[in-house]
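Before any comments, here is the structure.
Sequence lines set the chain letters: A, B, ... in the order given, protein chains first and strands last, and positions in each chain run from 1.
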Number of protein chains: 2
Amino acid sequence: MSIDLKPSQALGLWHAATLAQLELVGPDLTMRQLVILLHIYLKPPPHTVRGLAARLDVTKPVITRALDTMGNMGLVRRVRDERDRRNVIIKRTVEGALFVEKIGDLIIKEAAKLPRDGVTG
Amino acid sequence: MSIDLKPSQALGLWHAATLAQLELVGPDLTMRQLVILLHIYLKPPPHTVRGLAARLDVTKPVITRALDTMGNMGLVRRVRDERDRRNVIIKRTVEGALFVEKIGDLIIKEAAKLPRDGVTG
DNA sequence: GAGTATGAAAACGGGACCGTAACGATTGCG
DNA sequence: CGCAATCGTTACGGTCCCGTTTTCATACTC
């Protein structure tokens, strides 16, 4: 089955999950950085700076800086591509996987807490 | 029925919706500002600076600045409380309501696009 | 081997946000 | 009336992100 959300459910979930996530990760992770992180962990590798920039429609320095930030947090890891040493392959880390998993749990929890849609009573 | 999400569904939805939202609103709206906006439009009024700050666990200047930004965008409106002129009541606007509605549509659309969970497929 | 093309990072200037602290305006109390 | 408390805003110093441009290393082509 696909997921069928009512407007108040969708917005309520979004609000609750965003709020919970802010508490979890703090204000130090931009929406863009979050998207980049999720992309790395949800989409099949390999991931390169150029590829991510094109896929997410941002400039390359945005990716570079996001990798700096998240690399310092231990959420991702950079590895030189030995086939073509100009490329950088972005690798996942155990810490990052746990982090993403935590976000998933959080959304699931918020979804479960959702009240029925007000339209139906 | 409550909403029962599988991990890959939850993260996929989060990723897709965040990405779509970034394209919609641009990088000019912080996650905090978004939470504030949703709170104003989803929770029953009246909303004050102090109330929002306490409820969302941020400092008052964060609310003030968010109201500046979103006020310039026409998404919210400030009105002095005539009962107690120290207070500021945050009012909704037509433009803001449409904006929030758009976000809801976007999430619903992304939820509908979601594939079945990989565990069972 | 020289010259061009490509990938990522660094440099630069500008702008926004953050938390703390200080500031006016308003209220309530004695 | 004077004084403390409350509410929202502004000021300040710092940090981070952004897009553009430049730099550096590597790969490809002739």
Open item on the list: On the nucleotide C/dA16, are OP1 or OP2 found under 4.0 Å from the side-chain N or O atoms that B/Q33 carries?
Closed with: no
TODO: Looking only at non-hydrogen atoms, find the nearest pair between A/Q33 and A/T69 and report the distance.
DONE: NE2-OG1, 3.8 Å
- [ ] Evaluate salt bridge (charged side-chain N to carboxylate O under 4.0 Å, His left out) for B/R32 paired with B/D57, printing each intermediate quantity in order.
- [x] CA-CA 10 Å; B/R32 280 187 174 181; B/D57 197 32; over 6 Å; no
Open item on the list: Under 4.0 Å from OP1 or OP2 of C/dG28: is there any side-chain N or O of B/R83 that close?
Closed with: no
Open item on the list: Can you give me the closest heavy-atom contact between B/Q21 and A/M31, atom names plus distance?
Closed with: NE2-SD, 4.2 Å
Open item on the list: Check this one for me: any side-chain N or O of A/R86 less than 4.0 Å away from OP1 or OP2 of C/dA9?
Closed with: no
Open item on the list: Judged by each residue's nearest nucleotide on DNA chain C, which is more toward the 5′ side, B/P61 or B/T69?
Closed with: B/T69
Task: Spacing of A/R50 atom CZ relative to C/dA5 atom P, expressed in whole Å - done: 15 Å
Open item on the list: With a 4.0 Å limit, can you tell me whether B/T59 has a side-chain N or O closer than that to the phosphate oxygens OP1/OP2 of C/dG19?
Closed with: yes
Open item on the list: Looking at B/R77 and B/G71, would you say the former's side chain and the latter's main chain have a donor-acceptor pair under 3.5 Å?
Closed with: no
Open item on the list: In this structure, how many angstroms lie between the P atom of C/dA9 and the CD1 atom of A/I63, rounded?
Closed with: 10 Å
TODO: Find the distance B/M31:CE to C/dC17:C1' and express it as a whole number of Å.
DONE: 13 Å
Task: Shortest non-hydrogen separation from A/A10 to B/G104 and the atoms involved - done: CB-O, 4.1 Å
Task: Length of the line joining A/E82:CD and C/dG7:P, which is rounded to integer Å - done: 18 Å
- [ ] Give a yes or no on whether the backbone of B/R80 and the side-chain of B/R85 come within a donor-acceptor separation of less than 3.5 Å.
- [x] no
TODO: Grab the NZ-P distance between B/K60 and C/dA25 for me, whole Å please.
DONE: 16 Å
Task: Closest contact, heavy atoms only, B/L75 versus B/Y41 - done: O-OH, 2.6 Å
Task: Nucleotide range of DNA chain D lying under 4.0 Å from chain A heavy atoms - done: D/dC17 to D/dA27
Task: Length of the line joining A/D68:CG and C/dA11:P, which is rounded to integer Å - done: 12 Å
- [ ] Report the distance from atom CZ of B/R80 to atom C1' of C/dT26, rounded to the nearest whole Å.
- [x] 9 Å
Open item on the list: Between P on C/dG19 and CZ on B/R65, what's the gap in Å once rounded to a whole number?
Closed with: 7 Å
Task: Closest-nucleotide ordering on DNA chain D, the 5'-leading residue of A/A66 and B/T48 - done: B/T48
Open item on the list: By the 4.0 Å heavy-atom rule, please label A/R85 as base, sugar-phosphate, or nothing.
Closed with: sugar-phosphate
Open item on the list: Mind checking if A/V62 touches a base, just sugar-phosphate, or nothing, with heavy atoms under 4.0 Å?
Closed with: sugar-phosphate
